[in-house]
Amino acid sequence: LQSYNPRFFHIKDDFAYAEINGKKIYQPDDGIQLTVIDGHYGKVVDSKGFRNSILLGIPAQIENYVANLKDDSIVMMTSKGHLVSRGPWTKILERLGADRNVKLKDKMVFVGFKGSFRPDWVKLVTDDEAAKIHQVLPIPVVKKMKL
């Protein structure tokens, strides 16, 4: 996962993408992009973007989207543009395993999990200029047993 601002002389643009099994899924619009992976088979189930206007005005859309995902889903999230860092939509991050007290900045990437437990590989990176996670996930996702 990567979200960054490349600078070429006077041109400044935003890029964000998720890469799964060698295939890049680019985020076309400002806001956040959720890419959902089946936790049993490792296949991409869906990829959906939510513009900043939706995050500010109608956060119920993203809340309903995440609520309707199947359990044991891996959710990869990228941000593009100026991230709306406050509001009710940020509760989605907690629901997918992020720490409650995280302070979001302009760039964010997140690997979360929707299920009955929290895997130890759940991770959120946020920064003003660039955020990146390079992570290999175990498939199928199963709860680790304590020894």
Side-chain angles (χ1 to χ4, degrees), residues 1-115 117-141:
L1 296 170
Q2 192 164 1
S3 176
Y4 61 99
N5 284 332
R7 295 173 191 247
F8 300 105
F9 303 107
H10 64 285
I11 301 170
K12 181 180 169 189
D13 201 2
D14 281 334
F15 285 100
Y17 67 89
E19 185 172 347
I20 299 104
N21 296 331
K23 182 181 178 210
K24 289 183 180 178
I25 300 172
Y26 289 94
Q27 181 174 343
D29 299 316
D30 286 2
I32 61 170
Q33 175 98 9
L34 277 70
T35 304
V36 182
I37 302 166
D38 184 300
H40 295 289
Y41 303 105
K43 301 285 184 202
V44 175
V45 176
D46 193 21
S47 189
K48 183 163 176 64
F50 294 92
R51 292 177 181 249
N52 284 329
S53 57
I54 297 292
L55 300 178
L56 280 171
I58 319 169
Q61 282 191 9
I62 188 170
E63 291 167 3
N64 291 338
Y65 180 79
V66 171
N68 289 325
L69 294 175
K70 288 175 32 178
D71 273 357
D72 300 330
S73 291
I74 300 165
V75 180
M76 300 169 68
M77 191 180 301
T78 55
S79 71
K80 182 178 175 188
H82 179 71
L83 179 65
V84 177
S85 59
R86 294 192 175 159
W89 81 268
T90 58
K91 288 182 178 45
I92 296 300
L93 297 171
E94 292 174 36
R95 193 178 304 159
L96 297 172
D99 291 332
R100 176 174 292 203
N101 298 326
V102 70
K103 300 281 188 238
L104 296 177
K105 298 180 181 173
D106 264 2
K107 301 294 169 219
M108 180 211 45
V109 289
F110 175 60
V111 178
F113 181 74
K114 183 180 182 214
F117 62 97
R118 184 184 187 270
D120 57 0
W121 46 256
V122 168
K123 187 174 184 179
L124 184 139
V125 175
T126 184
D127 194 271
D128 289 326
E129 293 295 321
K132 183 176 185 174
I133 296 176
H134 179 85
Q135 192 165 338
V136 177
L137 301 178
I139 302 292
V141 178

Please report the interatomic distance [atom1]([X]) to [atom2]([Y]), rounded to the nearest 0.5 Å.
{"X": "His82", "Y": "Lys105", "atom1": "NE2", "atom2": "NZ", "value": "13.5 Å"}
{"X": "Glu94", "Y": "Asn101", "atom1": "CD", "atom2": "CG", "value": "8.0 Å"}
{"X": "Thr90", "Y": "Arg95", "atom1": "OG1", "atom2": "CZ", "value": "11.0 Å"}
{"X": "Lys123", "Y": "Asp99", "atom1": "NZ", "atom2": "CG", "value": "13.0 Å"}
{"X": "Arg51", "Y": "Gln61", "atom1": "CZ", "atom2": "CD", "value": "12.0 Å"}

Do [X] and [Y] come close enough that some side-chain heavy atom pair is under 4.5 Å?
{"X": "Glu63", "Y": "Ile92", "value": "yes"}
{"X": "Leu69", "Y": "Asp46", "value": "no"}
{"X": "Asp72", "Y": "Val141", "value": "no"}
{"X": "Leu93", "Y": "Met77", "value": "yes"}
{"X": "Ser47", "Y": "Gln27", "value": "no"}
{"X": "Ile54", "Y": "Ile62", "value": "no"}
{"X": "Trp89", "Y": "Leu56", "value": "no"}
{"X": "Leu104", "Y": "Phe110", "value": "no"}

- prompt: Between Trp121 and Phe113, what is the ring plane arrangement, given parallel below 30°, perpendicular above 60°, and tilted in between?
  reply: perpendicular
Would you name the heavy atoms of [X] and [Y] that are closest together and state the gap between them?
{"X": "Leu55", "Y": "Phe50", "answer": "CD2-CB, 4.1 Å"}
{"X": "Ala16", "Y": "Ser79", "answer": "CB-O, 3.4 Å"}
{"X": "Ala98", "Y": "Leu124", "answer": "CB-CD1, 4.2 Å"}
{"X": "Pro28", "Y": "Gln33", "answer": "CD-OE1, 3.7 Å"}
{"X": "Met76", "Y": "Ile20", "answer": "SD-CG1, 3.8 Å"}

Okay, side chain of [X], backbone of [Y]: is any donor-acceptor separation there less than 3.5 Å?
{"X": "Ser73", "Y": "Lys114", "answer": "no"}
{"X": "Lys107", "Y": "Thr78", "answer": "no"}
{"X": "Asp127", "Y": "Glu129", "answer": "yes"}
{"X": "Asn52", "Y": "Asp30", "answer": "no"}

query: Does the pair Ile139 and Ile74 meet the rule for a side-chain contact (heavy atoms from CB on, under 4.5 Å), with working shown?
result: CA-CA 10 Å; Ile139 302 292; Ile74 300 165; 3.6 Å; yes
query: Does the side-chain contact (heavy atoms from CB on, under 4.5 Å) test come out yes or no for Lys70 and Val45, once each step is laid out?
result: CA-CA 10 Å; Lys70 288 175 32 178; Val45 176; over 6 Å; no
message: Counting only heavy atoms from other residues, nucleotides and ligands, does the tally under 6.0 Å from CG of Asn21 exceed 12?
response: no
message: side-chain contact (heavy atoms from CB on, under 4.5 Å) for Val75 and Val66? Distances and angles first, verdict last.
response: CA-CA 9 Å; Val75 180; Val66 171; 5.8 Å; no
